[in-house]
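Quick notes on the structure that follows.
Nothing here was measured: the structure is a model prediction, and the numbers come from that model.
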Protein chains: 2
Amino acid sequence: MHKMIKKNKTFIDKLRSSGLRPTNQRVEICKFLFGRKKTFHFTVEELKNSMNLKRLKKISTATFYNTVHALKSAGHLKEFSLDNNTSYYDTNIASHHHFFDNGKVIDIKSDKITFQKLPEAPKGKKIKNVEVVIRLENNN
Amino acid sequence: MHKMIKKNKTFIDKLRSSGLRPTNQRVEICKFLFGRKKTFHFTVEELKNSMNLKRLKKISTATFYNTVHALKSAGHLKEFSLDNNTSYYDTNIASHHHFFDNGKVIDIKSDKITFQKLPEAPKGKKIKNVEVVIRLENNN
DNA sequence: CACATACTTTAGAATAATTATAAAGTAGTT
DNA sequence: AACTACTTTATAATTATTCTAAAGTATGTG
Ligand SMILES: [Mn+2]
Ligand SMILES: [Mn+2]
Ligand SMILES: [Zn+2]
Ligand SMILES: [Zn+2]
């Protein structure tokens, strides 16, 4: 099928542009991360568990960490913090905002939030980006 | 001196309202955290190191963690995330915003940022708070 | 004040997330 | 096919944090 070949090529490009050889393990990780319609927010541990659950031959922890780090360094993933002690990653690399709803993360497109007033950067500095977190709770 | 007695009482009140007896160790931690004019952003490890540096009899790691957790649970400290793997705490418990400048954190008062457009909460949910992080970089 | 008792402090062990190590395996090149 | 650099993996190490349990202290009562 055309689609699958094309997608695999995209994944291989992501790996190559991250300085990584497209090994089996890495291509499968990329498929899992980027072969979906919606943004994916995850921890390395979650990624590892959900991928390895279905496999007879497991991919090692070190490979998950190495691959995620390389993809992040190359700008194919963004890191963020939620609760602490664990790194989260986001397949949406555009600057955008989030709802945080009890450990669940939902993207808010950048243009859904605009500012009336924003402080200036301290002197010698400039603004790299502005990101908003809207924490949710249940009604009533 | 009047001032010092008054301050100690404030610290003791914070501890009592956190369900903690005002032991020496705890009162000194409170002095260190709350006896300053400006907001203090810190990790438990930083707090421990800077306090213990000056003392002959060190306060234990467990006491730092216990005290910080109790103060946080009682609402006298707020927890937040910066880079990952470490919890940060904030003596400013009001809802407010931050500049992040290479590991340095600067408060932005809530009224310095206002919104023109904000998304609605998903149904069944409501907004608990909205906090903004402005990441800085050096000019040029 | 003297005691009892519950709460604290502490050193050290345990855990969770992540990173480092180094031996065995594989991709890309010739 | 052979070479070499890059990869994978199991395992050890590290960092931040939490747990444990023994020894110490705050606080109420007589
Ligand atoms: Mn941690
Ligand atoms: Mn990290
Ligand atoms: Zn996102
Ligand atoms: Zn702050």
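A:Lys48 comes within contact range of no nucleotide atom at all, as no heavy-atom separation falls under 4.0 Å. Within 4.0 Å (heavy atoms only), B:Ser87 reaches sugar-phosphate atoms of the nucleic acid but no base atom.
Each of B:Asn24 and A:Thr67 was matched to the nucleotide of DNA chain D holding its nearest heavy atom; the match closer to the 5' end belongs to A:Thr67.
Defined by atom type and a distance below 3.5 Å, a donor-acceptor pair is missing between the side-chain atoms of A:Ser95 and A:Asn129. Side-chain contact annotation: B:Asn139 with A:Lys125, donor-acceptor N/O pair under 3.5 Å absent.
Of the candidates D:dT17, C:dT9, C:dT19, D:dT17 carries the atom nearest the A:Asn85 side chain, counting heavy atoms from C-beta on. In this structure, of D:dT9, C:dA17, D:dA26, it is C:dA17 that holds the atom nearest to the side chain of A:Tyr65. For A:Arg21, the side-chain atoms get nearest to C:dA27 when compared with the rest of C:dA11, D:dA10, C:dA27. Among the nucleotides C:dA20, C:dT9, D:dT17, the one closest to any side-chain atom of A:Ala62 is C:dA20. Here the nucleotide nearest the side chain of B:Arg16, chosen from C:dT8, D:dA26, C:dT10, is D:dA26. Counting only heavy atoms from C-beta on, A:Lys57 has its side chain closest to D:dT9 among C:dT10, D:dT17, D:dT9. Closest to the A:Thr86 side chain, of the nucleotides D:dA26, C:dT18, D:dT18, is C:dT18. Across C:dT18, D:dT9, C:dT8, the shortest atom-to-atom separation from the side chain of A:Thr61 is found for C:dT18. The side chain of A:Thr63 lies closest to D:dT9, out of C:dA17, C:dT10, D:dT9. Residue B:Leu20 places its side chain closer to C:dT8 than to any other of D:dT8, C:dT8, C:dA17.
Spacing between atom CD1 of B:Ile59 and atom P of C:dT9 amounts to 9 Å, rounded to whole angstrom units. Look at NE2 on B:His69: it is 7 Å from P on D:dT17, rounded to the nearest Å. In this structure, CZ of B:Phe64 is placed 15 Å from P of D:dT18, rounded to the nearest angstrom. For the pair A:Asn66 CG and C:dT19 P, the computed distance is 9 Å after rounding to whole Å. Atom P of nucleotide C:dA16 and atom OH of A:Tyr88 are separated by 15 Å, given to the nearest angstrom. The CD-P distance, from B:Gln25 to D:dG24, rounds to 14 Å in whole Å. Following rounding to the nearest Å, B:Lys58 (NZ) and C:dG12 (P) show an atom-to-atom distance of 16 Å. One can place CG of B:Asn52 at 9 Å from P of C:dT10, the figure rounded to the nearest angstrom.
Checked against the 6.0 Å centroid criterion, the rings of B:Phe115 and A:Phe115 qualify as a close aromatic pair.
Remark: B:Arg26 is not in phosphate contact with D:dA26, judged by side-chain N or O atoms under 4.0 Å from OP1 or OP2. Dashed line: the shortest gap from a side-chain N or O of A:Thr23 to OP1 or OP2 of D:dT8 is under 4.0 Å.
The shortest heavy-atom contact between A:Val105 and A:His98 is CG1-CD2, 3.4 Å.
Looking at B:Lys54, B:Lys57, B:Arg55 one by one, the single match for salt bridge (charged side-chain N to carboxylate O under 4.0 Å, His left out) with B:Glu28 turns out to be B:Arg55.
Counting only heavy atoms from C-beta outward, the side chains of B:Leu136 and B:Ile134 approach each other to under 4.5 Å.
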